[in-house]
Amino acid sequence: MAAPVLSPQLFTAEFFRNPYPALEWLRENSPVHEFAFPVDDVPTWIITRFADVHAALGDNRFSTSGAKWANDRARGAGMVFASGTVVEKIVTVLDPPDHTRIRKLAMGAFTPRRIEQWRATVERIVNDAIDQLAAQDEPDLMTFASAVPAGALGSLLGFQLDRFNDMLHAIDRAFTTAPELQDDRTRAFEEIGEYGRELIEARRKDPADDLTSLFIQARDGEDRLSEEELLSMLAVMIMAGLDTTRGVLGSASLGLMEHPDQIALLNERPELLPGAVEEFLRYEGALATGLLRFAAEDLEVSGVAIPKGSPVLLSLLSANRDPAQFTDPDRIDITRTGVRHVGLGHGLHNCLGAALARMEVGTGISTLFRRFPNMRLTVPRDEVEWAPTWLIRSPLRLPVDLGAPA
Amino acid sequence: MTAKPRATLSVDQETCRGTGLCQALAPRLFRLDPYGEAEVLRAELTEEEDVTQADAVMSTCPTESVILKLLA
């Protein structure tokens, strides 16, 4: 048993800058690791090996429903998702049967077949976002990475998401770990809910052929969604559809700039794109962990007991860099085949928007680097700022020199 | 005597991406094979409860890979 004193500090500035050494230490020394959550020192477990993370994601006894299963200490520390706010019942934190009833309503809009119909729209959005990037005096790649999901999600929902930057900021604020920021976390969830409410009101007055109207019909017509669930549906689209794709576009771009041979390879062999997208999702997905799980009963993982009600973090970043699962895991290799990663989660709550995410990342990255194959970062790698949250892995700014166009 | 099947159940392994939703939602009906792709544990469903479960999986599978055919 490793001495706890040697264990790395989680969720420090250093961890957010580069979590991989700490995660590697955990995989090797304490793969099911108890630590004190920064808020109120709540005993929390972080699981880091691929096999354990994959198994826990597929095991419903690790429930995302903190409202149902969290122990009192975790509740007191505000670890239950959006507790007490208007968006506390998003589908991601519901167990079946509510999970299933609500997921059904949205799933039809996000299947690969349905998403394929948005390809031309996504291509236009990507090209516009690249034009805007190219027009900047000091280009910040993250403006591109934010504009693509905002445009794509807006198209599906039927709105210009004018306030997407506010929403991205709210999401970053909602998952901080500083104890003094509890009120700000609650406020951030309320702001996301407020925006959802505005979009719903606008569409109730002026229905259209879009996803927002479809959800409103489900509420107003057949009464399958409560008003609270309707609002949560809009909120989950905003929360899950913006920062995630932003993160992958940013991380994949940064990773490619550090693996220029892979840029050349992708440009020479565009047929590698689908596999490359999987590799980007593996190499550095947008969620550092899944949403918090709570033990629905006393559990044991690889010999470590986790008492009922305990909060558990499943480290997707770590699982996807586990050398027991992936050869040379810290390298981007777009020719990997048969990669099964957990970048989009796994199990009951696996990413509903996966097909859209794959299209945005594939179109975004391939178009960007075809046009600017010589792009490079203009600040030292160590100075890249990352979202300071336990949940999200995303650069906040990536100052770049676009280089000579192709 | 065996009860009359109400439905047949299968997985399209061409489109399945092994998200594991089926196994998590209906472990009586699905599991992941050693390659991580879904397979059915029952190809013929005789109980109404199973049909309901299979229908829930069919309408939440992210790749539309679950094929449920109701029999007359």
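Letters A, B, ... mirror the listed sequences (proteins, then strands); counts begin at 1.
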For B:Y35 and A:R340 the tightest heavy-atom approach is O-NE, 2.9 Å
Hey, does the Lys NZ or Arg CZ of A:R321 hover above the aromatic six-ring of A:F326, less than 6.0 Å from the centre and inside 45° of the axis? no
List the atom of A:L281, the atom of A:H341, and the distance in Å for their closest heavy-atom pair. CB-CE1, 3.6 Å
Under 4.5 Å from any heavy atom of chain A - which part of B:C61: backbone
Which value, rounded to the nearest 0.5 Å, describes the distance between A:N320 atom CG and A:Q325 atom CD? 9.0 Å
Heavy-atom pairs under 4.5 Å with chain B are the metric here; pick the option from A:R358, A:R101, A:H349 that has the most. A:R358
Contact origin within A:L352 toward chain B - heavy atom pairs under 4.5 Å: neither
Chain A contacts, top residue of B:L32, B:T15, B:L21, B:L25 (heavy-atom pairs, under 4.5 Å): B:L21
Quick check on A:P112 against chain B: is it the side chain, the backbone, both or neither that has a heavy atom closer than 4.5 Å? both
With only heavy atoms counted, which part of B:Q23 is less than 4.5 Å from chain A, the side chain, the backbone, both or neither? neither
Assert yes or no for the condition that the ring centre distance of A:F62 to A:F294 is strictly below 6.0 Å. no
